[in-house]
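Encoded as structure tokens, the structure appears first; notes follow it.
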Amino acid sequence: MSTDAQGRVRSWTLEPSKPRFTLPPGAVDAHCHVFGPMAQFPFSPKAKYLPQDAGPEALFGLRDRLGFARNVIVQASCHGTDNRATLHAIALSNGMARGVAVVDPAITDAELDTLHAGGIRGVRFNFLKRLVDDAPKDRFLEVARRIERLGWHVVVYFEADILDEMLPFLAAIPVPIVIDHMGRPDVRQGPAGADMAAFRRLLDSRDDIWTKVTCADRLDPAGPPYADFVRAVRPLVADYPDRVLWGTDWPHPNMESVLPDDGALVDTIAQIAPTPALQRKLLVDNPMRLYWAD
Ligand SMILES: O=C(O)/C=C(\CC(=O)C(=O)O)C(=O)O
């Protein structure tokens, strides 16, 4: 971890390795964030972490180094419901980035339209208590109903221990759903462990629930080559090849003790999606369908 004089934390390495795995042309990093720059886009007073700047220039530099063509920028909790930093990054991308916003449930239809024009294609509902103060399911459902006309989806972030209590809420969402990081299963349980089995039941409950097979660094503390993550996730990619997405999670919010190596994370892709056909779906076809359908 690196903390500057203002107490702002850097959770990403400045020297990611060059991956050995060559990404297919047009690959999308479908889960990443930007932080600030703070002088232009201050963090929320309710932010639970205070990161150093990780703006569009650094994100696009990483994109090019790793071999991605496009980014899906997910509004991070440190910016609350002020999506200006995300929109700013999208605006600088020459059409090569789209985004997922976090919105105040009182947002107007006109404001939603403005987000759409700025490249937003979904709304994120975050249920992690360490990141947000409240997650009002009834109001989130109202938002989900109101974004249907825009062709958006919702991204839901929760951990495995609350999956059961999330089920009625998820079943009531009228638009496609993307679950961040597979609902954070304990990958050490293996592919048939209780967490993965419960998550598969959720995927089987609707054919419009997608998931990001991401965050080996968060889910597998043993580190590269992330053997437990690979063992647990590879069968999921094989069984749900049209509903999976992959992303770096750069700049890795709150990963402070071990800074993940983005090159090593990219190298897990060939392990969880071992054929060119699976890699193309995971990295190109699926994210393009969800984020660049128009
Ligand atoms: O984005 C992630 O993958 C993970 C986060 C941060 C986050 O979601 C946010 O700040 O909104 C986490 O687990 O701390």
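Ligands are counted one by one from 1 in listed order, and the atoms in each one are counted from 1 as well. Computed from heavy atoms alone, side chains included, the values below leave out hydrogens, waters and symmetry copies.
- Between His79 and Phe41, a ring centre-to-centre spacing not shorter than 6.0 Å is recorded.
- Within the structure, ring-ring contact (aromatic ring centres under 6.0 Å, His included) contacts touching residues 192-242 (residues at least two apart or in different chains) do not occur.
- In terms of modelled atom types and a separation under 3.5 Å, the side chain of Arg289 and the main chain of Asp242 share a donor-acceptor contact.
- The side-chain hydrogen bond (donor to acceptor under 3.5 Å, both in side chains) contacts involving residues 11-22 comprise Ser17-Asp261, where partners must be two or more places apart or lie in separate chains.
- Taking His116 as the reference, Arg121, Leu150, Trp152 meet the side chain to side chain contact (heavy atoms under 4.5 Å, CB included) condition, with sequence neighbours excluded.
- Among protein residues, His31, His33, Tyr49, Ala76, Ser77, Arg124, Asn126, Arg130, Leu131, Tyr157, His181, Arg184, Arg218, Asp249, Pro253, Asn254 come within 4.0 Å of ligand 1, judged on heavy atoms.
- Looking at every heavy atom in both residues, Ala216 comes nearest to Leu265 through CB-CD2, 4.0 Å.
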